[in-house]
Amino acid sequence: MIADRINAATRNVPAWPLYIIGALPPAWLIWSGFTGRLGVDPVKVMEHQMGEWGLWLLIAGLTITPLQRFAGVRLVKYRRAIGLLAFFYIVLHLLIWLVLDVQIVSQIIADIYKRPYITIGMAAFVLMIPLALTSNNWSIRKLGPKWRQLHKLVYLVVPLGGIHFLMLVKGFQIEPLVYLAVIVGLLALRLVPRRRAVRA
Amino acid sequence: MIRITTPKFRDRDVTDEAVYLNRRQLMGGAMAGLGLGLAGPAMAAPSGLKPNSFEEVTNYNNYYEFGTSKTDPAKYAHTLTTSPWTVKIDGMVNKPGDYALDDILSKVSVEERIYRLRCVEAWSMVIPWNGFTLSSLLNRAGVQSGAKYVAFETVARREEMPGLRYPVLDWPYVEGLRLDEAMHPLTILATGVYGKSMPEQNGAPLRLVVPWKYGFKGIKSIVRISLTDRQPPTAWNKANAREYGFYSNVNPQVDHPRWSQATERVIGAGLFGSRRETDMFNGYGDEVASLYAGMDLKKNY
């Protein structure tokens with residue numbers, strides 16, 4: 001079975017290389033931006049690409065549990081790396097928006113208050129902060145069962161990210177709707193009732 | 001074959017862009033005086049604009065019929081057949097009919113106009129257009145006295161325009177102007193940029209340019225111009241009336257519901273290139289503010 005093969009293949013593969021691999025795309029993107037390889041409007045390319053990659057990682061994080069439950073693929077040891085990378089991608093997305101795009105502090109503050117898609121994106125980011133800060137073994141031990149409760153915030157963060165994308169496009173566009181449908185689907189899988197033990 | 005610029009511009013097809021710009025500066029003063037059509041101060045206010053490069057002008061486009069990414073039009077618009085081309089002029093005109101583009105061009109004088117283009121998405125670039133006044137074409141068709149508006153329509157060919165498969169907007173793209181806006185000497189139908197034939201991604205072979213309005217009013221690849229006594233529907237207004245009004249004059253005081261219009265990012269200014277403050281009517285207020293005297297521009301956005 002494919003699941004067994006994946007499980008066997010990843011048994012001895014640690015999670016730490018993911019941080020190195022995950023750092024490569026943003027490094028390449030920023031290098032390309034600073035060396036004039038991103039076309040006419042490098043700022044928007046960097047900003048949008050980091051946001052989109054961040055959303056990919058957030059969605060990837062949501063697939064871990066359903067993959068284990070419905071397909072028997074055990075990738076849970078990689079979930080922390082995926083989540084933290086998503087956070088750092090969104091931090092970069094935000095920094096590019098602040099420093100290279102809007103630049104003007106008063107307009108940044110006005111945008112956060114007045115523009116619903118920015119308010120929502122910012123809310124999603126703020127909700128990610130406690131999750132990133134507690135993505136370590138010490139916090140898991142310290143918080144005990146509360147850790148699980150706290151990390152259910154991703155069920156809010158990811159759809160907010162998807163809505164943020166949907167709200168910023170012009171006209172009727174398919175792409176953000178596809179992301180949102182995938183997110184809703186992955187969240188819906190959590191509502192599938194667990195089967196009871198086989199009754200005799 | 002002569003396609004879309006008049007012969008007097010053809011020498012520039014082989015002129016290097018930098019040399020061309022220099023030549024313009026040298027000749028500008030002399031030719032403005034002779035009325036030879038290089039934009040003088042009155043027609044090109046704000047003056048002293050430094051055009052974006054041809055590369056920038058032709059690789060950063062909104063032309064959703066070829067895709068919603070800024071680079072899609074440069075990738076896909078070459079499939080558009082722009083010759084032969086006819087423009088149907090109908091409605092309240094004395095001489096309705098199908099006008100061949102060559103015929104239209106034979107009776108107008110093509111000039112250069114260096115305009116800042118301010119996109120509703122809060123970025124801007126400066127483009128050296130070649131074109132002729134819309135009024136010269138409308139006068140030729142003979143506008144009837146009851147006409148109050150001009151409606152425009154973009155070509156819609158599914159086999160040549162891949163974006164039409166997606167309902168991003170209600171195709172074909174339509175736009176409109178009030179008659180006095182259409183007759184204003186700043187309003188042109190452009191046939192080229194940088195003295196070259198209009199690239200497909202910029203709206204070949206014939207597109208509208210109204211420099212004091214947001215860029216989306218500048219409808220591309222026009223196949224129909226209709227004179228009417230009623231305000232015509234416009235594509236973005238139909239898609240979202242709260243965000244895109246009929247007038248869509250550049251106005252830093254009236255924000256788009258989703259973003260501020262107070263400032264704009266200057267395309268080509270580099271990674272740390274500052275924003276500039278957006279000018280009322282995109283800097284063309286002296287010429288056009290009187291068209292809107294007494295109107296509440298917050299309501300008529």
Side-chain angles (χ1 to χ4, degrees), chain A residues 29-52 92 95-122 163-179, chain B residues 52-62 64-65 67-71 74-75 119-125 163 165-171 173 214 216 235-236 238-240 243-244 252 255-278:
Chain A
L29 188 72
I30 290 166
W31 176 78
S32 303
F34 277 80
T35 51
R37 279 154 221 264
L38 294 181
V40 174
D41 192 8
V43 174
K44 281 287 164 191
V45 172
M46 288 158 71
E47 181 181 301
H48 291 168
Q49 193 61 69
M50 286 316 301
E52 190 176 1
L92 268 178
L95 280 176
I96 293 163
W97 178 70
L98 294 174
V99 178
L100 299 181
D101 182 348
V102 186
Q103 300 176 346
I104 303 160
V105 175
S106 60
Q107 193 168 322
I108 290 166
I109 293 164
D111 276 354
I112 293 170
Y113 276 101
K114 281 165 69 178
R115 320 282 164 207
Y117 82 92
I118 291 177
T119 314
I120 284 174
M122 197 55 86
I163 292 167
H164 168 70
F165 184 23
L166 179 72
M167 286 178 76
L168 64 88
V169 297
K170 281 166 63 201
F172 177 81
Q173 296 193 33
I174 306 288
E175 195 187 353
L177 290 172
V178 172
Y179 284 123
Chain B
N52 283 82
S53 69
F54 185 77
E55 177 77 10
E56 287 163 346
V57 170
T58 55
N59 285 284
Y60 193 77
N61 308 100
N62 277 329
Y64 281 13
E65 285 86 337
T68 53
S69 152
K70 293 281 183 298
T71 49
K75 269 185 231 156
C119 180
V120 73
E121 296 165 347
W123 54 264
S124 70
M125 53 167 89
R165 279 175 295 178
Y166 307 100
V168 180
L169 289 169
D170 181 13
W171 313 115
Y173 198 94
Y214 291 120
F216 69 86
W236 279 103
K238 283 196 290 178
N240 194 334
E243 297 188 348
Y244 309 101
D255 283 347
H256 185 282
R258 286 184 283 155
W259 54 81
S260 167
Q261 296 291 25
T263 61
E264 64 208 36
R265 287 181 326 110
V266 180
I267 298 299
L271 279 187
F272 298 96
S274 278
R275 286 175 171 256
R276 69 183 298 276
E277 306 224 333
T278 292

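Just so we're on the same page: letters track the sequence lines, and every chain starts at 1.
Per-residue heavy-atom pair counts under 4.5 Å with chain A were compared for B/Glu243, B/Glu121, B/Lys70, and the maximum is reached by B/Glu121. The choice from A/Val99, A/Asp111, A/Val169 that makes the most heavy-atom pairs within less than 4.5 Å of chain B is A/Val169. Listed options B/Asp255, B/Asn240, B/Leu169 were ranked by heavy-atom pairs under 4.5 angstrom with chain A; first place goes to B/Asp255. Most heavy-atom pairs under 4.5 Å with chain A, from the set B/Ser69, B/Ser260, B/Ala239: that is B/Ser260. Among B/Thr263, B/Asn62, B/Val120, the residue making the largest number of heavy-atom pairs under 4.5 Å with chain A is B/Thr263. Of all the listed residues (A/Asp101, A/Ile96, A/Leu38), the one sharing the greatest number of non-hydrogen pairs under 4.5 Å with chain B is A/Asp101.
Proximity of B/Phe216 to A/Lys170: side-chain heavy atoms (C-beta onward) are nowhere separated by under 4.5 Å.
Taking every heavy atom of both residues into account, B/Pro257 and A/Pro116 meet most closely at O-CD, 4.5 Å. In terms of heavy atoms, B/Arg275 sits closest to A/Gln103 at N-OE1, 3.4 Å.
Separating the CZ atom in A/Phe172 from the OH atom in B/Tyr64 is a distance of 14.0 Å, to the nearest 0.5 Å.
Only the side chain of B/Trp236 comes within contact range of chain A, judged by heavy atoms closer than 4.5 Å. In this structure, the portion of A/Ile174 lying under 4.5 Å from any heavy atom of chain B is its side chain and not its backbone. Looking at A/Met167, only its backbone comes within 4.5 Å of chain B, counting heavy atoms on both sides. Of the two parts of B/Leu271, the backbone and the side chain both hold a non-hydrogen atom closer than 4.5 Å to a non-hydrogen atom of chain A. In this structure, chain A has heavy atoms under 4.5 Å from both the backbone and the side chain of B/Arg258. Looking at A/Ile118, there are no atoms closer than 4.5 Å to chain B (heavy atoms on both sides), in backbone or side chain. For A/Val45, no part lies near chain B; criterion is any non-hydrogen pair under 4.5 Å.
The environment of OH in B/Tyr166 is sparse: at most 12 heavy-atom neighbours from other residues, nucleotides or ligands sit within 6.0 Å.
Not one N or O on the side chain of B/Arg265 forms a donor-acceptor pair closer than 3.5 Å with the backbone of A/Val102.
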